[in-house]
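As a basis for the values below, the full set of heavy atoms in this structure was taken, side chains included, without hydrogen atoms, waters or symmetry mates. None of the values given here were measured: they were computed from a predicted structure.
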Amino acid sequence: MPTTTALSLREVTLELGDGDSKVRPLDNVSLEIKRGEFVGVIGPSGAGKSTLLAVAGALATPDSGVVNVLGQDLAKLAQSQGKLAKFRLRSIGFVFQSGNLIPALNAADQLRLVNKISKGPSSFDPMPLLDAVGVAHKAKNLPRQLSGGERQRVGIARAFVTNPGLLLVDEPTAALDRQRSQQVVALLAEQCHERDVATIMVTHDHDVLGHCDRVVEMIDGRLSPAAS
């Protein structure tokens with residue numbers, strides 16, 4: 001029977017630097033996120049939020065502790081870089097600031113490229129995903145022809161191409177005004193719940209936290225429930 005837990009971090013610690021310059025962006029962090037749960041992570045700059053995403057996304061390896069994603073122990077997967085890379089590509093989705101789109105590709109081709117790299121079906125059609133996030137009518141537009149909110153929507157659609165079980169979102173509203181910020185995060189929450197994808201969103205924008213199922217706070221590498 002499959003577990004409902006998509007991400008489990010148990011007593012995870014990561015240190016960077018040497019000697020007096022050594023810092024601990026993750027300090028004995030434990031966190032569990034279930035499928036279909038939308039969790040916001042807040043905290044000051046330098047608190048370790050981006051490092052948390054990197055470790056959860058198999059982009060960085062902690063010094064101690066256990067990171068389990070969709071039932072896979074990442075430390076065991078890391079014994080084969082090929083297996084780890086394949087797992088990350090197919091099972092973990094990423095949404096970056098401002099969409100992080102490729103300038104030379106139109107919206108539809110952004111999605112087609114991910115499908116090709118991940119060796120998805122040759123019959124892949126990007127239009128249903130673009131339609132789900134409200135930008136199907138912009139399928140042939142290049143990133144420079146899209147608004148900031150539209151670029152983020154394309155980035156969200158792209159993240160769902162491989163049907164990931166875990167979605168990691170880094171400051172999705174950093175370049176957006178208040179109205180578009182609300183729209184983008186509401187869309188993320190909707191897609192998270194509809195697709196049963198565990199989602200972590202790092203943000204400084206407290207105005208959008210109402211869309212989250214739960215909010216945690218990171219300060220000096222430590223994680224705790226955010227004050228209401």
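Neither Val39 nor Val208 shares a network with the other; the hydrophobic side chains, linked directly or stepwise wherever heavy atoms of I, L, V, M, F, W or Y lie under 4.5 Å apart, form separate groups for each.
Remark: side-chain polar atoms of Glu150 are paired, donor with acceptor, to backbone N or O of Ser147 under 3.5 angstrom. A distance-only check finds no donor-acceptor pair linking the side chain of Thr5 to the backbone of Leu7 [under 3.5 Å]. Without hydrogens or angle criteria, Thr4 side chain to Lys34 main chain gives no donor-acceptor distance under 3.5 Å. With hydrogens and angles ignored, the 3.5 Å screen pairs no side-chain donor or acceptor of Asp73 with any backbone N or O of Asn68. Listed for the Gln110 side chain is a donor-acceptor partner under 3.5 Å among the backbone atoms of Ile102.
A 4.5 Å side-chain heavy-atom check between Leu77 and Ser80 finds every atom pair outside the cut-off. Within the 4.5 Å cutoff, side-chain heavy atoms of Val169 are placed close to those of Thr199. Side-chain contact between Val12 and Val67 is present, with at least one heavy-atom pair separated by less than 4.5 Å. Side-chain contact between Leu187 and Arg153: present, with at least one pair of heavy atoms (C-beta onward) separated by less than 4.5 Å. Side-chain atoms of Glu217 and Val41, non-hydrogen and from C-beta on, never get closer than 4.5 Å to each other. Looking at heavy atoms from C-beta onward, Leu168 lies in side-chain contact with Ile92 at the 4.5 angstrom threshold. Residues Pro172 and Gln97 form no side-chain contact, since every pair of their non-hydrogen atoms from C-beta on lies 4.5 Å or further apart. Proximity of Leu111 to Val154: side-chain heavy atoms (C-beta onward) are separated by under 4.5 Å at one or more points.
Judged by the 6.0 Å and 45° rule, Arg214 forms no cation-pi pair with Phe38.
Residue Arg158 is tested with Val133, Val95, Asn115, Asn100 for a side-chain contact (heavy atoms from CB on, under 4.5 Å); the sole match is Asn100. Each of Val202, Leu14, Leu9 was evaluated against Leu52; a single residue qualifies, Leu9, per the side-chain contact (heavy atoms from CB on, under 4.5 Å) test.
Residues Leu31 and Ile33 share a closest heavy-atom pair of CD2-CD1, 4.0 Å. Across all their heavy atoms, Leu84 and Ala58 have their closest contact at CD1-CB, 3.8 Å. Closest approach of Pro44 and Ile219 over heavy atoms only: CD-CG1, 4.1 Å. When every heavy atom of Pro103 is checked against every heavy atom of Pro143, the shortest pair comes out as O-CD, 3.5 Å. Taking every heavy atom of both residues into account, Gly36 and Asp213 meet most closely at O-OD2, 3.9 Å. In terms of heavy atoms, Ser8 sits closest to Arg10 at OG-NH1, 3.5 Å.
Applying the 6.0 Å contact sphere to CD of Glu11 captures no more than 12 heavy atoms from other residues, nucleotides or ligands. For CG of Asp220, the number of neighbouring non-hydrogen atoms (other residues, nucleotides, ligands) closer than 6.0 Å is 12 at most.
The list of salt bridge (Lys or Arg N to Asp or Glu O under 4.0 Å) pairs with a residue in residues 166-182, not counting sequence neighbours, reads Asp177-Arg180, Arg178-Asp207. Contacts classified as side-chain hydrogen bond (donor to acceptor under 3.5 Å, both in side chains) and involving residues 39-54 (residues at least two apart or in different chains) are not found.
Of the charged side-chain nitrogens involved, at least one lies within less than 4.0 Å of a carboxylate oxygen, so that Arg222 and Asp27 count as a salt-bridged pair.
Residues Glu37 and His193 bring no donor and acceptor atom of their side chains to less than 3.5 Å of each other.
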For Leu167 and Leu188, what are the C-alpha separation, side-chain angles and deciding distance, and is it a side chain to side chain contact (heavy atoms under 4.5 Å, CB included)? CA-CA 10 Å; Leu167 185 66; Leu188 275 167; 4.0 Å; yes
